[in-house]
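When reading the values below, keep in mind they use all heavy atoms of this one structure, side chains included, and skip hydrogens, waters and symmetry mates. Numbers restart at 1 for each chain; the letters A, B, ... are given by sequence-line order, proteins then strands.
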Amino acid sequence: MLTNQELATMTVRNVIFHDVPNQRGDGGTGVVLATVPTRIDAPRRRLLTEKLTKVLDSRSAYGIMFAPGTSSPVPNEVRNYTTQAYRETTFVGMSQRLATHLHQVQNRTISPGLLCVIDLVVAGRHGLVIMKLEREEGAQLELDRSDGKTQFAMSVLQNLVLTGGTKLFKTAAFLRSGPGDDDFNMSACDSQHRVLDSTEMARFWLSYLGCTVEEDARVTTSKFFNATLEFANNTVTDLADRTHIYESLNTELRSNKRNVVPRDFVRDFIPEGLQRACLDFLEERHVPMRTFDKDVQDVKSALRRLTFTSEAGVRVSVPEGQDELVAVDEARIIVNDRLRTVGRS
Amino acid sequence: MTDVEEARGRWITERPAFIEFSIELEKQLQRLVSELGISAQVSVRAKEVYSLVKKLIAKRHLNYASVTDKVGARIVVRYRSELPRVQKLVCERFRVDKIEDTSGRLSIDKVGYQGLHIDGLAFFPDGEFGKKFPLDTFFAELQVRTLSQHLWSEISHDSFYKNDDTLQKVPADLRRRVHLMAGQVEVADREFERMNSEDPQIPAVQIFKSLEPPYYMLTAEKPNIEVSMEVIDALLPLYREQDVQHVSSHILERAKASEEMFRHVYSAPENLSTEAAAFLFQPEALMIYDCLLIDRDETVRQWNQKFPTEELERVAVLFGISLQ
């Protein structure tokens with residue numbers, strides 16, 4: 001999710017609206033695509049930034065991630081757009097494609113409305129916000145069609161977004177955190193529906209975005225821990241390498257670092273020849289490759305180990321809660337377990 | 001043409017460039033004071049044309065080139081202990097010709113004007129502004145004083161008792177009263193310093209004082225201390241019986257970790273308008289941020305007992321926090 005600090009330092013660069021009615025099939029009014037961003041003054045730009053913060057940090061906001069194998073073009077649009085420097089023509093073109101896609105998937109059960117696309121920047125990192133605004137019945141949308149352009153007026157922003165009081169909108173924010181396909185901090189908000197409801201209306205927003213709800217940090221941390229251990233146990237044959245992976249994994253998760261980057265972990269601690277296989281294995285186990293917040297709650301006991309060290313430097317390390325595996329008397333440390341493997345490091 | 005007339009004409013021509021220099025110098029001195037985390041008034045001014053004329057008339061031994069305070073800068077701090085800190089940083093960041101501590105002029109049985117005078121304050125030639133404002137032309141005279149020293153300086157400047165020459169001409173009894181007054185100002189100055197360094201053993205005051213340095217690193221805006229005391233008292237229960245030192249450390253650590261965000265918030269022009277969030281310009285803004293991240297609901301609950309919710313919402317949203 002976007003952090004408080006990211007929201008506080010966010011700068012809105014440009015805003016564009018497109019009118020996206022439902023597909024009528026009767027030759028009625030179609031989608032109205034703006035060709036020029038809406039002009040906004042400084043006070044409204046500030047109010048918009050504040051509104052985005054209120055929405056994206058609200059209780060109805062949740063973390064999202066790009067859904068693997070989605071048919072929605074939104075993830076790739078977001079990926080491509082945010083790797084480039086800002087250009088108005090690129091911004092307009094990308095937003096028009098997002099509106100066209102919304103029009104294609106929005107059937108009669110979904111409320112028609114306006115799609116608002118916002119270009120933003122946070123500490124030099126490029127980002128994008130997509131907002132779906134419901135169009136009040138009979139509401140007039142001020143549209144300027146002079147000089148061959150199509151441009152929604154600032155009053156649209158004022159009336160539909162800024163004067164909504166505490167109203168929350170269907171919103172999604174994507175902020176680059178690195179150059180990779182999944183290197184984003186992402187948040188979404190959908191006030192009308194519980195996000196995990198299975199109804200079509202509840203799923204519509206995420207399905208349009210091509211995203212899924214980001215799993216809890218506890219779950220991700222646990223998946224990363226278990227998958228890495230599984231890979232080490234089943235694929236890494238050299239005992240020294242395996243021990244190194246165990247120790248590194250333990251250190252990584254017990255460190256004061258707040259995040260884990262699996263891709264970096266693989267690069268730093270998995271033997272070079274096995275790195276590709278490890279990445280594939282983690283992906284197969286649905287471990288995200290990008291940064292995730294660390295929460296070791298579910299693996300805490302597995303990380304805690306009791307270590308016995310002899311005078312000569314022999315170390316015996318026991319998982320927490322299994323102290324009975326080791327007996328210590330005055331002259332000996334006895335391990336009550338069967339030998340599984342031996343290696344030289 | 002007289003020397004004064006020539007100097008007048010030259011200053012009219014050259015003054016705009018010195019105004020530019022003053023503006024940049026003031027920014028740099030303000031930044032320097034912020035780095036120290038102290039509250040201080042910083043001002044830099046290029047002399048008015050008429051002031052230069054009057055100076056040249058009053059001090060006939062001077063000419064255009066030898067007037068060293070064509071640009072005058074001043075830093076007024078609150079406490080005496082802040083003077084050496086300012087002096088040290090000024091000497092690190094600027095090229096200076098001469099530093100004089102005027103209290104050194106006074107023997108131990110004399111009282112009178114005190115303060116630091118720094119002559120020939122200029123940008124280093126190899127720095128960003130050194131090329132634009134070469135030090136052989138663009139330099140200023142900087143005075144660094146406490147508020148009490150400033151009071152004495154300002155009052156004496158407007159009277160006949162400014163220096164020993166004029167003072168010698170007044171009757172002995174009046175002269176004695178001038179010295180007594182100067183002594184009282186110095187006693188007040190020293191007493192303010194002592195009071196500031198003494199611990200009043202009041203939790204809200206202790207927390208407030210710990211928040212002042214990081215706050216003044218972000219802004220020079222003066223807070224309302226009565227409001228600060230009330231807010232700190234209202235939010236303290238969120239720290240569940242922790243001692244004051246722990247509370248302060250918690251807030252300061254969080255502020256340090258969010259330093260970049262705070263710098264952004266306190267420098268964004270849109271946040272500095274007259275409509276700015278009232279609690280942004282209070283040192284306890286750092287505590288409000290910490291409390292909102294500790295327990296948003298409880299912070300709102302405590303806040304609402306005494307203060308308007310809208311004001312909390314206004315400051316929270318600037319810190320990227322929604323109360324919705």
Just wondering, more than 12 heavy atoms not from [X] lying within 6.0 Å of its [atom1]?
{"X": "B:Lys88", "atom1": "NZ", "value": "no"}
{"X": "B:Gln245", "atom1": "CD", "value": "no"}
{"X": "B:Glu92", "atom1": "CD", "value": "yes"}
{"X": "A:Gln84", "atom1": "CD", "value": "yes"}
{"X": "B:Arg45", "atom1": "CZ", "value": "no"}

Task: Candidate pair B:Val317 and A:Lys54, rule side chain to side chain contact (heavy atoms under 4.5 Å, CB included), full reasoning - done: CA-CA 7 Å; B:Val317 80; A:Lys54 287 177 183 174; 3.9 Å; yes
Task: Heavy-atom pair of closest approach, residues B:Gly320 and A:Ala8 - done: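 Closest pair (atom of B:Gly320, atom of A:Ala8, distance): N-CB, 3.6 Å.
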Within this structure, what is the [atom1]-[atom2] distance for the pair [X] and [Y], rounded to the nearest 0.5 Å?
{"X": "B:Ser322", "Y": "A:Asn4", "atom1": "OG", "atom2": "CG", "result": "9.5 Å"}
{"X": "A:Gln5", "Y": "B:His264", "atom1": "CD", "atom2": "NE2", "result": "11.5 Å"}
{"X": "B:Gln324", "Y": "A:Asp57", "atom1": "CD", "atom2": "CG", "result": "10.0 Å"}
{"X": "A:Thr49", "Y": "B:Leu318", "atom1": "OG1", "atom2": "CG", "result": "10.5 Å"}

Open item on the list: For a 4.5 angstrom cut-off between non-hydrogen side-chain atoms, does B:Glu275 reach A:Arg46?
Closed with: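 Yes - at least one pair of side-chain heavy atoms lies under 4.5 Å apart.
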Task: Toward chain A: residues of residues 284-305 of chain B with heavy atoms under 4.5 Å - done: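 Within residues 284-305 of chain B, near chain A: B:Tyr289, B:Leu293, B:Arg296, B:Asp297.
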